[in-house]
Structure formats: C-alpha cells, structure tokens
A.B. asks: 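Let me give you the structure first, and then I'll get to my questions.
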Amino acid sequence: MPKVNLSVDGKKIQADKGAFLLDVCRDNHIPVPSLCHNEALGSDGRCRLCVVEVRRGNRTRMVTSCLFPAAEGVEAITQSANIALVRKTVLELLWARCPESDEIARLARSHGVSDVRYQKDNDKGKCILCNLCIRTCESVVGVSALGLSGKGPVKKVTTPFDEPSETCIGCGACAFVCPTGHIQMWDKEGVRNIWGRKFEMAACAKCGTHFAPLYQLEYISKTSGASMDRLRTCPDCR
Amino acid sequence: MQATAEQIHKIAQEHLQKQRAYEKVLHVCFGPGCLASGSKPAHEKLSAAVEREGLSRKVLLKKVGCMGLCGRGPLVVVGDDEVFYQGIGKRSVDDDVEMLVEYLKTGALAEKLLMDGPEKGKKYTHMSEVPFYSCQKKMVMEDVGRIDPDSIDEYLAAGGYTALRKALSMKPDDIIESVKKAGLRGKGGGGFLAATKWRSCRDAHGSPKYIMANGDEGDPGAFMDRALMEGNPHLVLEGMIIGAFAIAGGQGFIYVRDEYPLAVQRLVAATAEARRLGFLGEDICGSGFDFDIRIVRGGGAFVCGESTALMSSIEGKGGEPRAKYVHTVEHGLWNLPSNLNNVETWATVPHIINKGHEWFASIGTAGSKGTKAFSLVGKVQNTGIIEVPMGMTLKEIIFDLGGGIPKGRKFKAVQTGGPSGGCIPADHLDKPVDFDSLYDLGSMMGSGGMIVMDERDCMVDVARYFLKFLVEESCGKCVPCREGVRRMYEIVDRIASGQGRSGDLEHLEELGKAIQLGSLCGLGQSAPNPLLSTLRYFREEYEAHITKKKCPAGVCKPLIKFTVNEKCNGCMVCARECPTECISGEKQKPHVIEQDKCVRCGNCFEACRFDAVTIE
C-alpha cells in the first residue's frame with residue numbers, strides 16, 4: 001500500500017494512501033468522536049460527529065473524517081470553533097430526539113451541551129438512525145431483514161411494511177450493535193421476542209439452556225454446512 | 001433501420017413541403033400551463049370547426065409544447081410570428097373559436113384575443129412585439145412551442161440531429177475542447193464546468209461509462225425542465241448522444257420525476273423514434289459508436305435531484321446522497337465512471353456544436369456563458385417560462401419581461417434557486433443574473449426557479465414555507481439536516497405565530513451555520529439559505545414579529561386583525577366574500593368585522609375597492 005504524508009493537529013503522520021482520516025487519527029491516538037462508525041462495518045457519514053477541518057493550499061473545508069481518504073499533503077485539524085459548533089449542534093439535536101438515551105446525554109454533556117433548547121421528542125425512542133443495525137443485518141448476518149423507511153423526520157428503521165419479517169432469524173446482532181440500546185429484544189420461557197416476532201429458542205442438548213433461536217441455527221447450518229446436531233449444543237458445552 | 005444522411009434530409013424536406021401546402025399553421029400550446037387553463041377543449045372545438053367549415057386542407061392545427069407565457073394561456077400562434085392569440089376560451093370557448101374561424105376564413109384579426117399593450121386600446125399582434133418575448137434570447141427553448149414534440153420529422157425539419165452528425169465526424173477530444181472553449185457551465189444548480197467533468201469522465205478507468213441526464217426538477221415553482229422535456233425531447237437526446245460520444249459513454253439514463261408523466265411518455269417515445277432512425281442503438285449513423293438511453297422514473301423524493309442520490313435511486317436503492325470525496329466521474333453509478341448533467345445543459349450542446357463555441361461564448365458574462373431558462377412566477381404580471389442571456393439584470397427580467405408587479409403593488413423580493421437559494425431584496429435588482437453574482441448575494445442560480453414577491457408577502461412566512469418543504473424533503477440520512485432543519489422550522493413557526501422570544505434569531509443563525517457546515521450533501525448544506533437570506537435582508541421584519549408581535553406584511557394570521565375604516569361606503573361586497581359571515585352592516589353604512597368570528601382569510605381586504613379594509 002503506497003504511503004502518504006499528512007498532518008493532524010500539527011502532528012506529522014504517515015498513513016496508507018486512501019485510508020480514512022478517522023482511522024488514521026485513532027491509530028495515532030488522536031481522539032475523534034463518532035456514533036455511526038464501526039470498525040467491522042465501515043462508515044456511512046450519517047452522524048456528522050467525526051467532522052474535522054482539512055486544509056489544502058489556501059482552502060480550508062469541513063470534511064467527514066470517516067469517509068475522507070488520506071492524501072499527500074493534507075493538513076487536518078480535529079478541534080476548532082466550527083468543529084465544536086457542529087458537534088455540539090449534532091449532540092443537542094440528538095438529545096432532543098432521544099431524551100431517554102443515557103449514552104447521548106453523556107456524550108452531549110461531555111461536549112459542553114448542558115441542556116436541550118428544543119421540545120423533546122417522545123416518539124423516536126433511542127434510535128439515532130446510525131444505520132449500524134441495518135448494515136450489520138445486511139453485511140455481517142447476510143439476511144437484510146431491516147431497512148430504512150420514509151424520509152425526513154418520519155424516517156425510521158423497520159422491517160418491510162412494518163410487519164414481522166420473514167427473513168429475520170432472530171439473531172439479535174442488530175440489538176447488540178445498537179449504540180443507544182434502542183432495539184428491544186427479550187428472551188422469556190424459551191422464546192425470543194424481537195421486531196414484533198417470536199422465535200423458538202433451541203435448548204442445548206447437554207446443559208438444556210435456551211441459547212439461540214432455532215431459526216438462527218438452521219440458517220447457520222444452511223449457509224455454513226455445519227450439521228444441526230453440532231449446532232444444537234451451546235458454545236459452552238461444545 | 002440505419003437511415004443515411006440523404007434519407008434523413010429527405011424526411012425533413014418532405015415534412016417541410018407537407019407543411020408549406022397549408023395556407024396557415026396554427027400552433028396550439030399544449031404546455032402544462034395552457035392545458036390547465038383549457039387548451040385541450042379549445043383545440044378540440046377549433047379542430048371540429050375547421051373540419052366543419054371545410055378548412056382542413058388549408059389550415060393545419062399543431063399541438064406544440066410550452067410557449068412560455070403561461071399566465072395568459074391558452075395560447076395560439078399563427079405561423080412563425082404572424083399573429084399571437086392569448087386567453088382562448090377565457091370567457092367562452094365557443095365565441096373565441098368562432099372568432100378564430102372567422103379569422104381563418106377572412107383574415108380579419110380576432111381583436112379580442114390579442115394581448116393588451118401598455119397603452120389603452122393598443123394591442124400586440126405579433127409575438128415578437130410582446131416584450132415578454134422580444135427581451136428573451138432563446139436557445140434550448142427555441143423550438144419548444146414551435147414543433148410537435150411527438151414527431152421526430154418535425155425535429156428533423158427544424159434541423160434536428162444535424163449537430164450529432166457533425167459531432168460524429170469530429171474527434172471526441174475536439175468536442176470536449178469546443179464545449180470547454182464555449183464555457184458551458186452546468187445549468188442544474190452547481191454551475192460546474194461541463195467540459196471539465198466530461199474530460200475527467202473520459203479519462204477515468206472503467207467500463208461502461210454511464211451518461212445521465214437529470215430531469216428530476218423538484219424546486220417549488222420551477223418547471224422549465226419540464227417544458228423542455230415535454231416540448232422538445234429530441235434536443236435533450238441529441239445533446240446526450242453527442243456527450244456520450246465525446247466521453248465514450250456506453251449507456252445513458254434520463255432520470256425524470258414521475259410527477260411529469262407527459263415528459264416520461266414523450267421521452268420514451270422519442271428514444272424509440274431515435275432508435276428507429278439509427279440515432280440511438282448500435283452503430284449510430286454508421287459511425288461505429290454504440291449508445292442507448294433508458295428513461296428512469298423518479299420515486300418522488302426531492303433529494304433524488306442530488307447527483308449521488310439520483311444514482312442511488314437508479315441503482316434501485318433508497319434516495320440517499322453520499323460523500324463525494326471520490327467523484328462520481330470516477331466512481332458513480334454502480335461504482336463506474338458516470339457523467340451527470342441537467343437536461344438543459346445537455347440541450348445546449350447541439351447548439352454549441354452547430355453554431356460553434358465562439359458564438360456561444362459571445363453570449364452572457366465573463367464567467368457565465370450562454371443563456372439560462374427560468375420559470376418566472378409569483379407576483380409578476382407575466383408568469384411563465386423564459387430564456388435569457390446570462391447577465392441580464394433581475395430588474396430587466398422582472399419588470400421588462402415580467403411586466404412588473406400586478407395591482408400596482410411594490411416589489412419586495414425575488415426568490416431564486418428554489419429551496420437551496422435565497423431571497424434577494426429590491427436593493428440588488430440591478431445585479432446581473434449569473435452563477436457568481438447570485439451566489440455573492442447569498443442566493444444561487446439553482447435550476448432556474450424565480451419567485452417574485454410583493455409587499456403583501458411576509459418574509460418570515462416565506463422562510464417558513466421553504467423550511468417546511470425542506471423538513472419533509474430532507475432524506476433524513478444525516479443529523480444536521482434531518483433534525484436541524486425541523487428545529488429551525490419549529491422556531492420560525494413559533495415566531496410567525498407570535499410566540500417568538502428574544503434570542504431566537506441568534507439561535508437560528510447559529511443553527512443555520514452548523515447545518516451549512518455539518519451536513520453531508522449540497523442540499524443539506526444549502527437548506528438554511530432561505531432562512532439566512534431573509535434574515536440577512538429582512539431582519540427588521542423578524543424583529544417586528546418577535547418584539548412588537550406584528551406582521552408588517554399582514555400575512556401571519558395570529559398577528560393581524562382586519563378592521564373597516566371611515567372610507568367604507570357600505571357597498572356590502574366584503575360581506576358577500578366573507579366565508580364566516582362575520583361582517584355586519586347595512587347598505588351605505590360603514591360595516592363592522594366581528595373579530596371573534598373572523599378567520600383572517602383576507603377576502604374582504606382583497607374585495608374592497610375603496611381601501612376601507614385595513615390590516616392591523
């Protein structure tokens with residue numbers, strides 16, 4: 001991979017050409033906040049928390065560090081009045097959207113946002129529309145049970161037509177990756193509840209613990225070729 | 001069929017001959033404006049009358065695209081510029097058709113259907129006398145309103161596809177060079193140099209290269225692209241084919257908003273006709289160059305006019321923009337090199353090829369060459385589609401072409417560039433309309449919507465209107481635009497309802513700046529413009545709403561009150577217009593408005609001819 005020389009906050013850095021600036025910063029212990037970035041899933045540029053300023057020649061512009069490719073001669077700044085304005089604004093807006101989210105409140109306070117100047121929403125739950133759940137479902141699990149519907153203020157993450165999804169395997173990866181804990185999932189009496197659907201949990205052949213939805217095991221067996229007999233034993237007993 | 005140059009020439013000549021056989025050719029406007037005001041029934045009745053009177057061998061009725069002066073429709077033009085008739089059927093279709101038949105039989109002008117001139121009793125006979133038309137410089141709109149858009153023969157007879165044949169004999173590099181020297185800039189809003197984009201796309205690695213036209217015109221009050229696509233679809237195709245040849249494009253797409261069904265229908269028909277004669281498909285005009293175009297219908301989202309969202313939509317995904325740090329000319333549609341231009345930009349290309357870049361560059365200003373089509377709407381006498389040279393001043397457009405403000409009212413502002421643009425006040429009316437001047441004024445050229453406002457328009461209300469549009473049309477991908485614009489709307493809505501607080505304006509400015517800086521795409525970054533530009537030029541109006549709880553223009557309902565003053569002579573007209581029957585009083589005695597029942601619709605104010613109704 002060809003290397004490029006750039007600087008972040010005055011610090012001279014050598015990085016892979018085309019590596020995203022956010023990764024370059026973090027690799028070099030320069031903190032940049034973000035909500036929608038995930039190492040395994042890459043970037044989408046939705047949350048706008050990771051914005052930094054980039055100077056090239058006489059021109060300074062604000063860029064999304066999670067998507068901006070490292071190039072020779074880039075001079076990046078991760079702290080400035082404008083950067084602080086965008087980050088504070090984003091956090092105040094998200095706090096107003098998701099007043100129940102402790103994670104957002106914590107992050108907002110740590111950026112100097114003490115209060116919300118807007119009428120707080122009560123219909124959005126804790127969802128900040130970071131899209132991590134959808135991307136996980138699509139590219140890690142491979143079932144694409146979730147998607148975005150609507151646009152503007154009514155945009156939301158949901159299953160097709162808001163109905164229980166036929167393709168969902170109940171794996172719960174979406175709930176796991178959600179940064180704010182918006183996605184509700186609970187296991188009760190051998191049944192998993194998620195996205196309006198109930199999944200029968202498989203009981204481990206050895207210890208009897210309900211450890212995963214049967215549907216998920218069948219999906220893994222089908223895609224990986226592993227036998228159901230092996231999969232029916234929980235990872236702890238295998 | 002692969003028609004040869006001779007065959008095409010023959011088709012064109014035969015078509016011209018056929019038309020010359022008629023004594024008179026009547027162009028009936030079938031543009032959206034005229035259709036709405038009744039050109040279809042007028043055409044049917046006229047057609048029946050021509051038949052009945054035995055004139056069908058002498059008179060040809062031609063259905064054409066938008067003629068521009070939409071506010072005066074339905075329009076009928078005889079010959080190229082013989083007689084200009086307007087408002088057909090405004091009073092009675094039968095009477096007007098009878099007058100037209102009389103004209104066709106005897107040659108006696110139908111005086112009542114001629115347009116009034118500025119002096120009393122003086123009427124315009126020819127289109128070329130009407131300032132609305134004489135001040136224009138038509139290029140892409142030249143044949144819109146002249147030719148039947150359903151017929152490729154008409155386009156060929158008007159010189160169509162000659163530029164393509166010429167371009168195919170040129171070297172692709174020379175075509176790009178010519179477009180570069182012409183100084184053609186993208187007319188969809190960005191104003192980016194077309195040749196630079198073409199060059200980058202040609203040089204990019206990857207195949208096939210996609211050539212796209214943006215016909216997803218979504219700005220409120222803008223309909224010039226619609227007029228173009230509906231009125232002369234082949235011109236757009238021809239421009240695209242030339243561009244594709246220059247860029248070495250393999251597949252083309254025209255993305256048209258689904259709300260324009262006629263444009264979709266015409267473009268689909270035009271591509272089939274072009275394919276039939278060998279202008280599209282394999283081995284175009286025997287040149288060995290293969291290229292075809294598919295029409296893609298938009299899904300109704302404003303954001304899909306943004307280049308990356310448009311490509312996402314063509315790919316079958318949701319319309320969301322993406323960051324453009326890697327340009328779409330290198331990695332665009334399906335990650336392949338892609339060149340997207342607005343339909344008007346494409347329609348300009350055949351003119352540059354045919355008449356030369358020197359000719360094109362001689363029109364316009366130093367930085368903005370050629371012409372630009374606008375839709376001129378709002379509080380202006382002549383509403384419709386215009387095409388003017390770049391650099392014409394706002395004043396010339398609004399007062400010379402537009403005929404000024406109706407009802408003797410005062411000009412207040414003009415909104416350009418749609419929801420991404422801004423409002424420009426009277427002080428700047430002498431500024432030329434080009435890409436750079438409008439940007440400096442805090443607005444932009446945009447795709448070409450121009451909404452004129454008078455003293456009865458409240459700028460807080462205008463900002464509220466555009467913000468509401470943007471709230472609904474934000475794709476919702478990034479936080480500043482999705483959440484920020486709706487919060488902006490909430491604050492402006494509060495101000496307009498008389499609940500404004502001190503600090504609101506500073507808050508709006510701060511939020512606006514954050515949205516401009518932090519949004520992902522161009523639409524988000526420009527979303528605060530309607531608010532920030534009105535705040536910049538009309539701050540005192542916002543302050544009046546907040547501190548005095550008054551709406552100076554008399555628009556924001558919670559802040560106004562209608563009363564009757566001493567000028568009232570008791571004519572009862574206002575009482576008849578009142579929907580809630582809250583105006584009481586006897587004939588010839590001053591009336592009284594019962595405030596509790598009044599819904600502040602303003603009907604009484606509009607109806608009173610004695611200035612006896614006042615807005616407080």
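Because only heavy atoms are used, hydrogens play no part in the values below, and waters and symmetry mates are left out as well, while side chains stay in. Given the structure is predicted, the values throughout are model-derived calculations rather than measurements. Here is how names work: the chains are called A, B, and so on, in the same order as the sequence lines, proteins then strands, and each is numbered from 1.
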A.B. asks: Hey, does B:Leu336 have a side-chain heavy atom less than 4.5 Å from the side chain of B:Lys209?
C.D. replies: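 Sidechains of B:Leu336 and B:Lys209: no contact.
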A.B. asks: Counting heavy-atom pairs under 4.5 Å to chain B, which of A:Ile128, A:Asn82, A:Val51, A:Ile83 comes out on top?
C.D. replies: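 Option with the greatest count: A:Asn82.
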A.B. asks: Just by distance, with hydrogens left out, do A:Ser101 and A:Thr180 show a side-chain donor and acceptor under 3.5 Å apart?
C.D. replies: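 Checked: A:Ser101/A:Thr180 side chains show no N/O donor-acceptor pair below 3.5 Å.
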A.B. asks: Who wins among B:Lys513, B:Glu490, B:Arg322 for the most heavy-atom pairs under 4.5 Å with chain A?
C.D. replies: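 Winner by heavy-atom pair count: B:Lys513.
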A.B. asks: Relative to chain B, which segment of A:Lys156 carries a heavy atom at a distance below 4.5 Å: side chain, backbone, both, or neither?
C.D. replies: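 No part of it gets close to chain B.
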A.B. asks: If I measure from the heavy atoms of chain B, does A:Val154 come under 4.5 Å with its side chain, its backbone, both, or neither?
C.D. replies: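 It is neither, since no heavy atom gets under 4.5 Å.
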A.B. asks: Considering only heavy atoms, which portion of A:Thr89 lies under 4.5 Å from any heavy atom of chain B: side chain, backbone, both, or neither?
C.D. replies: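 Side chain only.
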A.B. asks: Using a cut-off of under 4.5 Å on heavy-atom pairs, state which of B:Pro480, B:Ala323, B:Cys481 scores highest against chain A.
C.D. replies: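 Ranked by heavy-atom pairs under 4.5 Å with chain A, first place is B:Pro480.
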A.B. asks: Checking A:Asn131 against chain B: side chain, backbone, both or neither under 4.5 Å from a heavy atom?
C.D. replies: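 Nothing of A:Asn131, per the 4.5 Å heavy-atom cut-off to chain B.
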A.B. asks: Side-chain donor-acceptor pair under 3.5 Å between B:Ser420 and B:Asn529, yes or no?
C.D. replies: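 Side chains of B:Ser420 and B:Asn529: no pair found under 3.5 Å.
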A.B. asks: Taking A:His182 for the side chain and A:Cys178 for the main chain, is one N or O donor matched with an acceptor at less than 3.5 Å?
C.D. replies: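 Flag not set: sc A:His182 to bb A:Cys178 has no pair under 3.5 Å.
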A.B. asks: Among the options A:Met62, A:Lys88, A:Arg61, A:Arg48, pick out the one with the most heavy-atom pairs lying under 4.5 Å from chain B.
C.D. replies: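 Of A:Met62, A:Lys88, A:Arg61, A:Arg48, A:Arg48 has the most heavy-atom pairs under 4.5 Å with chain B.
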A.B. asks: Where on A:Lys151 is there a heavy atom nearer than 4.5 Å to chain B: the side chain, the backbone, both, or neither?
C.D. replies: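 Both backbone and side chain.
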A.B. asks: Measuring from B:Met444:CE to B:Ser533:OG, what's the distance to the nearest 0.5 Å?
C.D. replies: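 Between atom CE of B:Met444 and atom OG of B:Ser533 there are 12.0 Å.
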A.B. asks: Kindly indicate, with the supporting measurements, whether the criterion side chain to side chain donor-acceptor pair (under 3.5 Å) is fulfilled by B:Gln499 and B:Asp493.
C.D. replies: CA-CA 9 Å; B:Gln499 308 293 316; B:Asp493 187 49; over 6 Å; no
A.B. asks: Any idea which of A:Val86, A:Thr64, A:Asp44 has the most non-hydrogen atom pairs under 4.5 angstrom with chain B?
C.D. replies: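 If we count pairs closer than 4.5 Å to chain B, A:Thr64 comes out on top.
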A.B. asks: Answer with side chain, backbone, both or neither: which region of B:Glu510 has an atom nearer than 4.5 Å to a non-hydrogen atom of chain A?
C.D. replies: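 Answer is both: backbone and side chain atoms of B:Glu510 are under 4.5 Å from chain A.
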A.B. asks: Between the side chains of B:Glu483 and A:Tyr118, is a donor N or O closer than 3.5 angstrom to an acceptor N or O?
C.D. replies: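 On atom types as modelled, these side chains do not qualify, holding no pair under 3.5 Å.
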A.B. asks: Pick one of side chain, backbone, both or neither for B:Leu470, based on which atoms fall under 4.5 Å of a heavy atom in chain A.
C.D. replies: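 No part of B:Leu470 comes within 4.5 Å of chain A.
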A.B. asks: Most heavy-atom pairs under 4.5 angstrom with chain B, which of A:Leu148, A:Leu35, A:Leu94, A:Asp121?
C.D. replies: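 Maximum pair count with chain B is reached by A:Asp121.
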A.B. asks: With distance as the sole criterion, is a donor-acceptor pair present between the side chains of B:Ser307 and B:Lys324 under 3.5 Å?
C.D. replies: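 The answer is yes; a qualifying pair exists.
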A.B. asks: If we define contacts as heavy-atom pairs under 4.5 Å, which of A:Leu67, A:Leu85, A:Val63 has the most with chain B?
C.D. replies: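 Of the candidates given, the most pairs with chain B belong to A:Leu85.
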A.B. asks: Please look at A:Leu49 and chain B and tell me whether the side chain, the backbone, both or neither of the residue comes under 4.5 angstrom of a heavy atom of that chain.
C.D. replies: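 Contact with chain B: none, neither part.
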A.B. asks: Any carboxylate oxygen within less than 4.0 angstrom of a Lys/Arg side-chain nitrogen, looking at A:Asp102 and A:Arg106?
C.D. replies: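 Answer for the salt bridge query: no.
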A.B. asks: With a 4.5 angstrom heavy-atom cut-off, is it the side chain or the backbone of A:Arg87 that approaches chain B, or both, or neither?
C.D. replies: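 Neither part; nothing is under 4.5 Å.
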A.B. asks: May I ask you to check whether A:Ser80 and A:Glu53 show a side-chain donor-acceptor distance below 3.5 Å?
C.D. replies: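 Present: a donor and an acceptor within the cut-off.
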